[in-house]
**Q** 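Next up is a structure, given as structure tokens.
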Amino acid sequence: MVVLAVLAGAGWMAKPVWQPWWYASTMCGGHLSGGELADLLPDERLQAGRDTFDSGQRNLLKCVIEENDGQHFALKIEAQIDTGEVHGPLDMEFGIPVNPRYTYPKSVPGFYGKFGPVIIQECPKLGRDDDGRARRLVTNVYAHGVENDPSPASLRTAVRIANGANAELGCGADPLPLPDRVEVPAKLPLNQTKGTMCAWLTQATLPKSPSGKEWKVIAPTDEKAPITSCSLSDPGTGETVDFTAWFGDWTDKPFENLILHNAQIPDERGEDEALLTENFGRAKARCDGEPANFLASSYARHSADPVLPMGKVRPLLEAFTADQAKRRGCTDVKLPGHTVYPGRH
């Protein structure tokens, strides 16, 4: 009878139902929740992979739950200090700058990227590196293949890891609150943007929307976030014109790639310049001793033509850049000229 009980217990333990709670108690420094992992992990036999949490390793905390073949991950979690190197933890996320999906409340400096949640925090206790770059803690949860859209489980998992890594690496950032839902950024009337970082739009002369309806404003980020965003949304078409600011050394190379691969510029112009193309515009500055890039995107989802001609977007990019520069104390602002360079088709 004892043997049968042991065998029965072994059979139960072989089922996937036990896995999430076992991984939560034994991996990733104990920073995970079994219930949230149960919502994320596939219903199949998995195995523990590499885990550097609580190892004394200071440059990369990583834990992996692998598929049973040991060759593919079911969930990969990383937290590391990014000093802004070109091939840092944000390089794969932003091969070219895109508008992230803002799924966190403003109290969490993160977004949902190509592969899952991303959180970026300044590390006040770590100071700057030898090149004067701020140190940032970047937390990635690679949930691609596990989920196609953000869920409370993946967003909360990233926050738990960010808080644990913050303590383990001595980052010194404020602890982040656990979100209870996936945020859907509100579309505000222009007169309700006071107190948001998009209030600058009330002082701007806005072009008429393509549908003729009054623009709505999407203000999903806090003004101190490492990537900030304001969007004009046309209620009649659903299209948006997006303005984003990207702070830190890591942003230069993605913007150069964006221009190099999407614009036909003459030989005397470089991809490191502020300029306009048919679908987007770039401005530049230095903020807190590091580069900053400002993007105005007029890409349309349902048409080859831009939502608004970039000639009409240019004054708004200037106003957005001026507002961001004032908020951050930026210098050496460079704005695009009036020339609109054709795209690469």
Side-chain angles (χ1 to χ4, degrees), residues 2-82 87-93 101 103-104 110-120 137-169 171 176 178-179 182:
V2 174
V3 173
L4 289 175
V6 170
L7 290 175
W12 180 85
M13 288 293 286
K15 295 180 180 179
V17 67
W18 66 271
Q19 293 181 129
W21 288 269
W22 186 86
Y23 293 133
S25 66
T26 60
M27 296 186 67
C28 307
H31 302 306
L32 298 177
S33 158
E36 289 157 14
L37 283 183
D39 289 338
L40 283 175
L41 294 176
D43 187 20
E44 60 188 62
R45 181 75 177 187
L46 304 171
Q47 63 184 32
R50 184 184 179 194
D51 188 349
T52 63
F53 279 79
D54 295 328
S55 65
Q57 185 170 323
R58 305 301 295 175
N59 60 337
L60 172 62
L61 302 180
K62 179 178 182 178
C63 55
V64 182
I65 300 172
E66 297 179 342
E67 295 181 3
N68 208 30
D69 60 8
Q71 298 179 1
H72 303 88
F73 67 82
L75 189 68
K76 182 168 70 171
I77 295 168
E78 292 182 348
Q80 59 187 301
I81 302 300
D82 175 33
H87 297 295
L90 292 165
D91 181 62
M92 187 166 60
E93 186 65 52
R101 298 167 69 180
T103 55
Y104 278 112
F111 53 89
Y112 197 85
K114 292 179 183 177
F115 308 103
V118 181
I119 296 174
I120 309 171
L137 173 62
V138 181
T139 301
N140 299 80
V141 174
Y142 295 94
H144 183 65
V146 177
E147 62 178 15
N148 295 319
D149 291 298
S151 68
S154 66
L155 299 181
R156 288 168 69 89
T157 295
V159 170
R160 290 184 190 277
I161 292 295
N163 285 338
N166 176 27
E168 186 167 338
L169 298 177
C171 171
L176 301 175
L178 286 172
V182 176

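Everything numeric in this text was worked out from a predicted model, so none of it was measured. When reading the values below, keep in mind they use all heavy atoms of this one structure, side chains included, and skip hydrogens, waters and symmetry mates.
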**Q** I'd like to check the side-chain contact (heavy atoms from CB on, under 4.5 Å) partners of N68; sequence neighbours left out, ordered by chain and number.
**A** R45, Q47
**Q** Could you tell me which non-hydrogen atom of C63 sits nearest to which non-hydrogen atom of F53, and how far apart they are?
**A** SG-CE1, 3.8 Å
**Q** I need the full list of salt bridge (Lys or Arg N to Asp or Glu O under 4.0 Å) pairs touching residues 142-151, with sequence neighbours left out, sorted by first then second residue.
**A** R101-D149
**Q** Atom CD1 of I77 and atom CG of L61: how far apart are they, to the nearest 0.5 Å?
**A** 11.5 Å
**Q** Minimum heavy-atom separation for G34 and A24, please, with both atom names.
**A** N-CB, 3.5 Å
**Q** I need the full list of salt bridge (Lys or Arg N to Asp or Glu O under 4.0 Å) pairs touching residues 62-71, with sequence neighbours left out, sorted by first then second residue.
**A** K62-E78
**Q** By the disulfide bond (SG atoms under 2.5 Å apart) test, which pairs, at least two apart or in different chains, include something from residues 32-62?
**A** none
**Q** Could you report the tightest heavy-atom contact between I161 and A79, atom names first, then the distance?
**A** CG2-CB, 4.2 Å
**Q** Is the closest side-chain heavy-atom distance between I120 and D82 below 4.5 Å?
**A** no
**Q** Can you list everything that forms a ring pair (Phe, Tyr, Trp, His ring centres under 6.0 Å) with Y104? Sequence neighbours excluded, please.
**A** none
**Q** Going by the salt bridge (Lys or Arg N to Asp or Glu O under 4.0 Å) test, which pairs reach into residues 25-38, not counting sequence neighbours?
**A** E36-R156, E36-R160
**Q** Any idea which heavy atoms bring Y142 and N140 closest together, and the distance?
**A** CE1-CB, 3.6 Å
**Q** Using side-chain heavy atoms (C-beta onward) and a distance below 4.5 Å, is L155 in contact with L178?
**A** no
**Q** Under a 4.5 Å cut-off applied to non-hydrogen side-chain atoms, are P117 and T157 in contact?
**A** no
**Q** How long is the gap from CH2 on W22 to CD1 on I65, to the nearest 0.5 Å?
**A** 9.0 Å
**Q** Has the side chain of D51 got a donor or acceptor atom that lies under 3.5 Å from a matching backbone atom of C28?
**A** yes
**Q** Tell me if a side-chain donor or acceptor on S154 pairs with a main-chain N or O of P150 at a distance below 3.5 Å.
**A** no
**Q** Check whether any side-chain heavy atom of Y23 lies under 4.5 Å from a side-chain heavy atom of L41, and answer yes or no.
**A** yes
**Q** Please list, chain by chain and in numerical order, all residues satisfying side-chain contact (heavy atoms from CB on, under 4.5 Å) with N163, sequence neighbours excluded.
**A** V159, P175, L176
**Q** Suppose we screen for side-chain contact (heavy atoms from CB on, under 4.5 Å). Which residues come up paired with S55, at least two apart in sequence or across chains?
**A** T52, Q57
**Q** Holding to side-chain contact (heavy atoms from CB on, under 4.5 Å), I want the full list of residues that pass it with A167, two or more places apart in sequence or in another chain.
**A** none
**Q** Would you name the heavy atoms of A48 and M27 that are closest together and state the gap between them?
**A** CB-SD, 3.7 Å
**Q** Which value, rounded to the nearest 0.5 Å, describes the distance between L75 atom CG and L32 atom CG?
**A** 8.0 Å
**Q** What are the two closest heavy atoms between T139 and A158, and how far apart are they?
**A** CG2-O, 3.7 Å
